[in-house]
S.K.: 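Pasting a structure here, questions to come.
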Amino acid sequence: MSNQFARQLSLTSFPPNSQNLNSLCSNGQLREALVEMAVQGLEMKFEGYYMLLNECVNRRAFREGQRVHAHMTKTCYLPPMHLRTRLIVFYNNCECLNDAQRVLDEMPVRNVVSWTAMISAYSKRGYASEALNLFPQMLRSGTEPNEFTFATVLTSCTGGAWGFDLGRQIHSLIIKTNFESHIFVGSSLLDMYAKAGRIYEARGVFDCLPERDVVSCTAIISGYAQLGLDEEALELFRQLQREGMTSNYVTYASVLTALSGLAALDLGRQVHNHVLRCELHSYVVLQNSLIDMYSKCGNLSYSRRIFDSMPERTVISWNAMLVGYSKHGMGKEVVKLFKLMKEENKVKPDSVTFLAVLSGCSHGGMEDRGLEYFYEMAEGANGIEPELEHYGCVVDLLGRAGRVEEAFEFIKKMRFEPTAAIWGSLLGACRVHSNVEIGEFVGFRLLQIEPENAGNYVILSNLYASAGRWEDVRNVRELMVEKAVIKEPGRSWIELDQILHTFHASDRSHPRREEVSAKVKELSVKLKEAGYVPDLGCVLYDVDEEQKEKVLLGHSEKMALAFGLIATPEGVPVRVIKNLRICVDCHNFAKLVSKIYGREVSLRDKNRFHHIVGGTCSCGDYW
DNA sequence: ATAGGGTTAG
């Protein structure tokens with residue numbers, strides 16, 4: 001009765017059916033549109049539902065969308081496929097994957113679009129295995145995938161070995177169905193290869209694309225950057241720029257990742273200026289990248305300035321800043337900033353936050369504070385379960401404080417199987433604090449798990465040497481010669497006028513190599529007068545002492561440092577970057593250089609910064 | 001009606 005009355009009313013006062021709904025929806029008057037839906041009752045047209053659902057999707061209006069769904073179920077005997085597909089998208093948007101799946105389950109017929117919408121829903125929410133299960137179901141049902149399906153499903157193949165295997169099978173299907181050169185499919189495909197570490201395959205796909213756009217170019221650049229192939233990323237970026245590539249904020253974020261890795265401050269500043277000119281600087285992602293870039297280039301105050309100027313911050317902003325302080329050994333700043341984060345209470349700390357805080361306490365010599373945070377975490381106060389890496393930080397904390405036995409007990413009680421990294425951290429502590437008893441046990445354990453890592457043999461033999469157990473030193477050396485492989489050759493570099501000067505151990509390739517080795521020799525003579533004693537224990541090979549000293553003087557960081565002294569004016573700080581951990585001998589060497597030549601030396605190694613002033617290092621000689 | 005690349009940690 002009232003329905004009929006309403007219909008009469010709507011016929012007299014409004015234009016009939018969807019006309020009115022259309023204007024209400026396009027004015028964003030969702031509530032009024034819902035009233036109109038009720039008024040139209042059984043007369044609702046499919047276009048009307050479509051417009052309403054669209055509005056609910058855009059506004060993430062969950063309750064309203066549910067009402068539309070219920071109304072549709074009541075009035076339509078068989079809702080058409082496109083409306084049901086829109087419902088899948090709607091429920092996904094409201095993070096109700098169960099409801100989305102139910103809509104798919106209730107469809108009497110499905111086509112490629114509805115399947116793809118559901119696969120996309122799972123992959124967007126991070127349910128890779130559900131997405132990957134759905135794909136073969138779709139094939140079995142006889143539905144042919146299209147370019148949308150392939151582009152979508154490949155994004156779920158980046159998780160692990162299982163996903164990659166499936167990804168390769170999907171690749172061959174893509175070749176068979178001739179979608180390989182489709183730009184969306186190609187970008188997704190090359191990204192999958194890059195994330196699996198197969199950069200050559202990724203590049204192959206990229207090179208075969210008949211056309212390129214921002215996304216495909218960014219995908220391949222970031223592929224290199226994510227694998228730590230920073231120079232290649234930078235080189236490709238420059239080349240593609242010459243060829244007229246357009247860039248957007250994602251491109252610059254990826255390039256900044258590469259520049260962070262290279263610690264290329266001048267180039268980083270240049271990108272920053274460019275970002276400002278293009279008015280891209282308000283993207284939070286880009287601000288986060290800039291914070292990270294400045295901190296990894298040694299310029300923490302710039303990072304902080306950007307951080308302070310941000311109107312909105314994500315957890316990544318906080319983490320990047322905390323990691324910055326941590327790597328610079330500024331434990332107090334880490335604690336202060338973490339307090340601020342909690343007080344502000346806008347952004348919840350995540351597991352990376354705690355990694356940064358714990359390792360910040362460790363690098364900053366604040367063991368007790370770090371332990372407090374760990375136990376706070378373990379009690380579940382923050383809703384984050386400590387993971388293996390957090391336990392690793394605690395081993396580091398205890399080891400640094402000389403509490404080696406405690407660290408050993410802690411490892412035994414962990415709910416994880418200790419990894420090589422955990423044992424390695426404890427072995428390092430045993431060496432610094434000369435605990436041969438535990439060190440020997442840990443060392444052998446480590447040689448079992450990781451026999452190919454040369455570094456482990458060196459630390460163990462150093463430990464024996466410090467105890468005067470020369471027979472054992474020799475045995476370890478022999479073992480090493482049999483089994484160890486040096487994975488990554490040592491490499492150091494220094495940036496001068498936007499150019500990176502790279503040196504390898506005993507390098508012969510730099511144009512000024514003669515000058516540089518002469519300078520290293522000169523330095524060593526001067527430093528010896530001031531008490532420098534080469535630490536022959538740092539040499540891997542079994543050669544005579546004179547040879548060992550030569551090997552030490554050939555270390556890449558000494559050459560980069562010497563080059564810095566030659567090529568920059570007196571009094572200017574020298575910034576050296578090394579791809580591995582710095583060795584004890586080079587650390588001593590740099591400390592003496594800073595003292596005798598009155599130069600500040602900033603040395604970034606794989607793990608952290610060493611700020612060396614007047615013969616003292618910010619790491620407190622533990623790293 | 002359905003689609004691709006990004007920032008912290010390891």
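Please read all numbers here as calculations on a predicted model, not as lab measurements. Worth knowing before you read on, the calculation uses all heavy atoms, side chains too, and leaves out hydrogens, waters and symmetry mates. Residue numbering restarts at 1 for every chain, and letters A, B, ... go by the order of the sequence lines.
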S.K.: Report which part of the nucleic acid A:Val214 touches: base, sugar-phosphate, or nothing (heavy-atom distance under 4.0 Å, all strands).
M.R.: base
S.K.: Answer yes or no: does a side-chain N or O of A:Lys327 lie under 4.0 Å from OP1 or OP2 of B:dT8?
M.R.: no
S.K.: When we call it a touch if two heavy atoms are under 4.0 Å apart, what does A:Gln226 touch: a base, just sugar-phosphate, or nothing?
M.R.: sugar-phosphate
S.K.: Counting heavy atoms from C-beta on, name the nucleotide in B:dG5, B:dA3, B:dT8 closest to the side chain of A:Ala219.
M.R.: B:dG5
S.K.: Of the nucleotides B:dT8, B:dA1, B:dA3, which has the atom closest to the A:Val352 side chain?
M.R.: B:dT8
S.K.: To the side chain of A:Thr257, which of B:dT7, B:dG6, B:dA1 is closest?
M.R.: B:dT7
S.K.: If you check the A:Asn248 side chain, which of B:dT2, B:dT8, B:dG5 turns out closest?
M.R.: B:dG5
S.K.: Please determine if a side-chain N or O atom of A:Ser120 lies less than 4.0 Å away from the OP1 or OP2 oxygen of B:dA3.
M.R.: yes
S.K.: Please work out if A:Asp213 contacts a base, only the sugar-phosphate, or nothing of the nucleic acid, heavy-atom cut-off 4.0 Å.
M.R.: base
S.K.: Please check this pair: side chain of A:Thr152 against backbone of A:Phe148, looking for a donor-acceptor N/O pair closer than 3.5 Å.
M.R.: yes
S.K.: When you measure only distances, ignoring hydrogens and angles, does the side chain of A:Thr218 come within 3.5 Å of the base of B:dG5 through a donor and an acceptor?
M.R.: yes
S.K.: What's the closest nucleotide to the side chain of A:Asn111 if the choices are B:dA1, B:dA3, B:dG5?
M.R.: B:dA1
S.K.: Tell me what A:Ile183 touches on the nucleic acid: a base, only sugar-phosphate, or nothing, going by heavy atoms under 4.0 Å.
M.R.: base
S.K.: Separation of A:Asn93 atom CG from B:dA1 atom P, in whole Å?
M.R.: 16 Å
S.K.: To the side chain of A:Ser216, which of B:dG4, B:dA3, B:dG5 is closest?
M.R.: B:dG4
S.K.: Which one, B:dG10, B:dA9, B:dG6, comes nearest to the side chain of A:Val323?
M.R.: B:dA9
S.K.: Among B:dT2, B:dA9, B:dG6, find the nucleotide with the atom closest to the side chain of A:Leu355.
M.R.: B:dA9
S.K.: Roughly how many Å is it from CD1 in A:Ile384 to C1' in B:dT8, rounded to a whole number?
M.R.: 14 Å
S.K.: Ring-plane angle category for A:Tyr49 and A:His71, please: parallel below 30°, perpendicular beyond 60°, tilted otherwise.
M.R.: tilted
S.K.: Does A:Arg102 pair with A:Glu106 as a salt bridge, N-O distance under 4.0 Å?
M.R.: no
S.K.: Less than 6.0 Å separating the ring centroids of A:Trp318 and A:Phe307?
M.R.: yes
S.K.: On the 0 to 90° scale, with breaks at 30° and 60°, tag the A:Phe46-A:His82 ring pair as parallel, tilted or perpendicular.
M.R.: perpendicular
S.K.: Are any side-chain N or O atoms of A:Ser114 and backbone N or O atoms of A:Arg110, one a donor and one an acceptor, separated by less than 3.5 Å?
M.R.: no
S.K.: Classify A:Tyr249 by what it touches in the nucleic acid, base, sugar-phosphate, or nothing, heavy-atom distance under 4.0 Å.
M.R.: base
S.K.: Describe the nucleic acid contact of A:Lys195 in one word from base, sugar-phosphate, nothing, applying a heavy-atom distance below 4.0 Å.
M.R.: sugar-phosphate
S.K.: Establish, with yes or no, whether the OP1 or OP2 oxygen of B:dG4 is under 4.0 angstrom from a side-chain nitrogen or oxygen of A:Lys124.
M.R.: no
S.K.: Decide yes or no, distance alone: a donor-acceptor N/O pair under 3.5 angstrom between the base of B:dA9 and the side-chain of A:Asp350.
M.R.: no
S.K.: Side chain of A:Thr85: nearest nucleotide among B:dA1, B:dG5, B:dA3?
M.R.: B:dA1
S.K.: Is there a donor on the side chain of A:Asn288 or the base of B:dG6 sitting less than 3.5 Å from an acceptor on the other?
M.R.: no
S.K.: Would you indicate which nucleotide in B:dG6, B:dT2, B:dG4 comes nearest to any side-chain atom of A:Thr155?
M.R.: B:dG4
